[in-house]
A.B. asks: 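Below you will find the structure I want to go over with you.
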Protein chains: 2
Amino acid sequence: MSGYAPSEAARRSGFSLDTLRYYEKIGLLADVERTAGGQRVFTDDDLGWLVLFRCLRDTGMPIAQMRRYAQLARDGEHTTDERHELLCHHAARVEEQMRLLQRQYDHLREKIRFYEGLPGTAPGSEAG
Amino acid sequence: MSGYAPSEAARRSGFSLDTLRYYEKIGLLADVERTAGGQRVFTDDDLGWLVLFRCLRDTGMPIAQMRRYAQLARDGEHTTDERHELLCHHAARVEEQMRLLQRQYDHLREKIRFYEGLPGTAPGSEAG
DNA sequence: CTCCAACCTGGAGCGCGCTCCAGGTCAAGC
DNA sequence: GCTTGACCTGGAGCGCGCTCCAGGTTGGAG
């Protein structure tokens, strides 16, 4: 069950080996277990964190904030409120991001419609 | 109607003065008109381009591709097919981006639900 | 005519998030 | 035991998209 070689962890998480090492180096991923010889062994727990990091990264959270979250989690149960709040704030930002993306996507579609000769919109100021 | 000072163009477009100069320098914005003394005068047309650039930028198009699009537009009418295609490809990428964002947002919401003690999900591997 | 805020230029610098490298170590298979 | 590919470290480098700076010019208000 538990105990993945770096390459396996990379494959499963979708992060590169360098990124995994980087995440540990900057203290995002807590110190990863090692073999006697010093090679990393990733646990299911580590993998769980990586899934979370991918989620947060894909939704645009800066690394500094992920670090903060991870640190809070390491600090123990009494930080759950703060972690909850952090995620809620982030979710609100993601919602805003989704609205903006949708709006600009609509603009883009309008522009494309213009190229397809369908009316629907006056060309507006000429920009390509 | 036409003829905006740099600060006005910045205000209207939401780009900084430095960014406007940068966009011209790299050939994204075509050569902007100047006063006798060399100060920029932005036209409605320029503003139209800036609106488009904001749309493309907000949807994640790299500057190199925006440049390509702008160059095609400058090259004339016979590039409309290619421009259309470029925008369509981009729109497809944006759709994928929106799906990913939605998916990860759902994950995030699930995580938040977990903090709120509502069941709905097993905690899964412990990651904060 | 004077002033000063807004503008100009070329070029350096930055913040982010990795990515790559050199030079060395580890460990599984033969 | 030897080979070989995966792994280790510290640190430099990169690509993107700006952002800032110094030192000089412009141009509208008073």
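Here is how names work: the chains are called A, B, and so on, in the same order as the sequence lines, proteins then strands, and each is numbered from 1. All values below were derived from every heavy atom in this structure, side-chain atoms included, with hydrogens, water molecules and symmetry-related copies excluded.
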A.B. asks: For E82(A), which residues count as a salt bridge (Lys or Arg N to Asp or Glu O under 4.0 Å) partner, sequence neighbours excluded?
C.D. replies: R68(A)

A.B. asks: Rounded to the nearest angstrom, tell me the gap between atom CG in L17(A) and atom P in dC8(D).
C.D. replies: 8 Å

A.B. asks: Rounding to a whole Å, what distance do you find between R21(B):CZ and dC21(D):P?
C.D. replies: 13 Å

A.B. asks: What pairs of residues pass the ring-ring contact (aromatic ring centres under 6.0 Å, His included) test when at least one of them lies in residues 8-36 of chain A, not counting sequence neighbours?
C.D. replies: F15(A)-Y23(A)

A.B. asks: To the nearest Å, give me how far apart OH (Y22(B)) and C1' (dC14(C)) are.
C.D. replies: 13 Å

A.B. asks: Could you check how far CD1 of I26(B) sits from P of dG11(C), rounded to whole Å?
C.D. replies: 17 Å

A.B. asks: Regarding F15(A), tell me which of base, sugar-phosphate or nothing describes its non-hydrogen contacts under 4.0 Å with the strands shown.
C.D. replies: nothing

A.B. asks: Figure out the CG/C1' separation between D18(B) and dG10(C), and round it to whole Å.
C.D. replies: 12 Å

A.B. asks: Grab the two heavy atoms, one from E24(B) and one from V32(B), that are nearest each other, plus how far apart they are.
C.D. replies: OE2-N, 3.0 Å

A.B. asks: From the options dC8(D), dC8(C), dG17(C), select the nucleotide whose nearest atom is closest to the side chain of R34(A).
C.D. replies: dC8(D)

A.B. asks: dG17(D) phosphate, OP1 or OP2: any side-chain N/O from T19(B) under 4.0 angstrom?
C.D. replies: no

A.B. asks: Please list, chain by chain and in numerical order, all residues satisfying salt bridge (Lys or Arg N to Asp or Glu O under 4.0 Å) with E96(B), sequence neighbours excluded.
C.D. replies: R99(B)

A.B. asks: From CZ of R11(B) over to P of dA6(C), roughly how many Å is that when rounded to an integer?
C.D. replies: 14 Å

A.B. asks: Taking atom C1' of dG17(C) as reference, at what distance in whole Å does atom CG of D58(A) sit?
C.D. replies: 14 Å

A.B. asks: Rounded to the Å, how far apart are F53(B) CZ and dC18(D) P?
C.D. replies: 12 Å

A.B. asks: From C-beta outward on I63(B), which listed nucleotide comes closest to its side chain: dG11(C), dT19(C), dC18(D)?
C.D. replies: dC18(D)

A.B. asks: Looking at L28(A) and A70(A), what are the two nearest heavy atoms and their distance?
C.D. replies: O-CB, 3.6 Å

A.B. asks: Could I get a table of every N or O pair under 3.5 Å where one atom is in the protein and the other is in nucleotides 28-30 of chain D?
C.D. replies:
none

A.B. asks: Less than 4.0 Å between a side-chain N and a carboxylate O, is that true for R21(B) and D18(B)?
C.D. replies: yes

A.B. asks: Going by side chain to side chain donor-acceptor pair (under 3.5 Å), name the residues that satisfy it together with R103(B), two or more places apart in sequence or in a different chain.
C.D. replies: none

A.B. asks: What nucleotide among dG17(D), dT9(D), dC18(D) has an atom nearest to a side-chain atom of R40(A)?
C.D. replies: dT9(D)

A.B. asks: Quick one, T59(A) and L101(B) - any side-chain contact, counting heavy atoms below 4.5 Å?
C.D. replies: yes

A.B. asks: Strictly under 3.5 Å: I want the nitrogen or oxygen pairs between protein and nucleotides 24-28 of chain C, one per line.
C.D. replies:
residue: dC26(C); atom: O4'; partner: Q39(A); partner atom: OE1; Å: 3.1
residue: dA27(C); atom: OP1; partner: T35(A); partner atom: OG1; Å: 3.0

A.B. asks: Checking contacts here: which listed nucleotide (dA6(D), dT9(C), dC18(D)) is nearest the side-chain heavy atoms of S7(A)?
C.D. replies: dA6(D)

A.B. asks: Can you find a side chain N or O atom of S16(A) that sits less than 4.0 Å from OP1 or OP2 on dT19(C)?
C.D. replies: yes

A.B. asks: Quick one: do the E110(A) and H107(A) side chains pair a donor with an acceptor below 3.5 Å?
C.D. replies: no

A.B. asks: Does Y23(B) make a side-chain N or O approach to OP1 or OP2 of dC18(D) shorter than 4.0 Å?
C.D. replies: yes

A.B. asks: Quick one: on DNA chain D, does F42(A) or K25(A) contact a more 5' nucleotide (nearest heavy atom)?
C.D. replies: F42(A)

A.B. asks: Using the rule that Ile, Leu, Val, Met, Phe, Trp and Tyr join whenever any side-chain heavy atoms are under 4.5 Å apart, tell me whether L100(A) and L56(B) fall into a single cluster.
C.D. replies: no

